[in-house]
Amino acid sequence: MPRPWSEQRKKSLSSMHAAGRRPDEIATALGLRREQVVARLKLMASWERNRAPFAKALRKRAQTRRARARKAIAGMTRAIATRMPRNRAIAKAYDAGATWREIGAHFGITAEAASAAARRYRRRSAKRRKGRRPARARARKR
């Protein structure tokens, strides 16, 4: 069964509603039931009511994410200045909330190169841990 609200039908609904036509007239013109048109008009009104609060929430979320990323990049820069290996600092910055793109822009490399650097650090540190037994296993052995 085809979906009743194609882009063309949505545009037609909006233009007919703006022109002041009644839901039953719109339904006849679009080949739908009146209830479908009324439900869609209510949904469109809800979207319009919630547009401003939703946009405000998205802006706030983006602002929080950018602040977290700036803090992570600053921490990465400080860590590198105190002799932390670059790849480890990159991995920690990503874990703290910076994106690969932001990390790459900081170093003048691509996002893929930044991601690869962190993978190299994680793979290397995993190999080091692999040979060790967990502390609990060592304690039981004694």
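A quick note: this is a predicted structure, and the numbers were derived from the prediction, not measured.
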- Shortest non-hydrogen pair, Ala114 vs Gly104, comes out as CB-N, 4.1 Å

- Message: Tell me whether Thr28 contacts the main-chain N or O of Asp24 through its side chain, where contact means a donor paired with an acceptor under 3.5 Å.
- Response: yes

- Output yes when Arg68 and Glu102 qualify as a salt bridge under the 4.0 Å nitrogen-oxygen rule, no when they do not. no

- Query: What distance separates Ile73 CD1 from Arg66 CZ, expressed to the nearest 0.5 Å?
  - Reply: 14.5 Å

- Item | Inter-residue atom distance Asn87.CG - Ile80.CD1, 0.5 Å rounding | 9.0 Å

- CZ on Arg49 to CE on Met44, rounded to 0.5 Å: 12.5 Å

- Query: Does the pair Met84 and Lys92 meet the rule for a side chain to side chain contact (heavy atoms under 4.5 Å, CB included), with working shown?
  - Reply: CA-CA 11 Å; Met84 178 184 281; Lys92 287 191 174 289; 4.0 Å; yes

- Query: Can you check whether Met16 reaches Leu30 side chain to side chain, under 4.5 Å on heavy atoms?
  - Reply: yes

- Does one hydrophobic cluster hold both Trp47 and Leu13, with members joined at side-chain heavy-atom distances below 4.5 Å? yes

- Task: Test side chain to side chain contact (heavy atoms under 4.5 Å, CB included) on Glu35 and Val38 and set out the steps.
- Result: CA-CA 5 Å; Glu35 297 81 31; Val38 171; 5.7 Å; no

- Query: Is it true that atom NZ of Lys71 has more than 12 heavy atoms of other residues, nucleotides or ligands lying nearer than 6.0 Å?
  - Reply: no

- Message: Between Ile26 and Leu32, is there shared hydrophobic-cluster membership here, with clusters defined by ILVMFWY side-chain heavy atoms closer than 4.5 Å?
- Response: yes

- Taking it one step at a time, do Ser115 and Arg119 satisfy side-chain hydrogen bond (donor to acceptor under 3.5 Å, both in side chains)? CA-CA 6 Å; Ser115 173; Arg119 278 196 312 272; 2.9 Å; yes

- Item | Value rounded to 0.5 Å, distance of CZ in Arg88 from CZ in Arg86 | 15.5 Å

- Interatomic distance, Met76 atom CE to Tyr94 atom OH [nearest 0.5 angstrom]: 14.0 Å

- Task: Kindly check if the number of other-residue, nucleotide or ligand heavy atoms within 6.0 Å of CZ (Arg101) is above 12?
- Result: no

- Task: Step through the shown structure and confirm whether more than 12 heavy atoms of other residues, nucleotides or ligands are within 6.0 Å of CZ on Phe107.
- Result: yes

- Task: Calculate, to the nearest 0.5 Å, the distance between atoms CH2 and CD1 belonging to Trp100 and Ile109 respectively.
- Result: 9.5 Å

- Just do the side chain to side chain contact (heavy atoms under 4.5 Å, CB included) check on Val37 and His17 with the steps written out, would you? CA-CA 10 Å; Val37 172; His17 181 64; over 6 Å; no

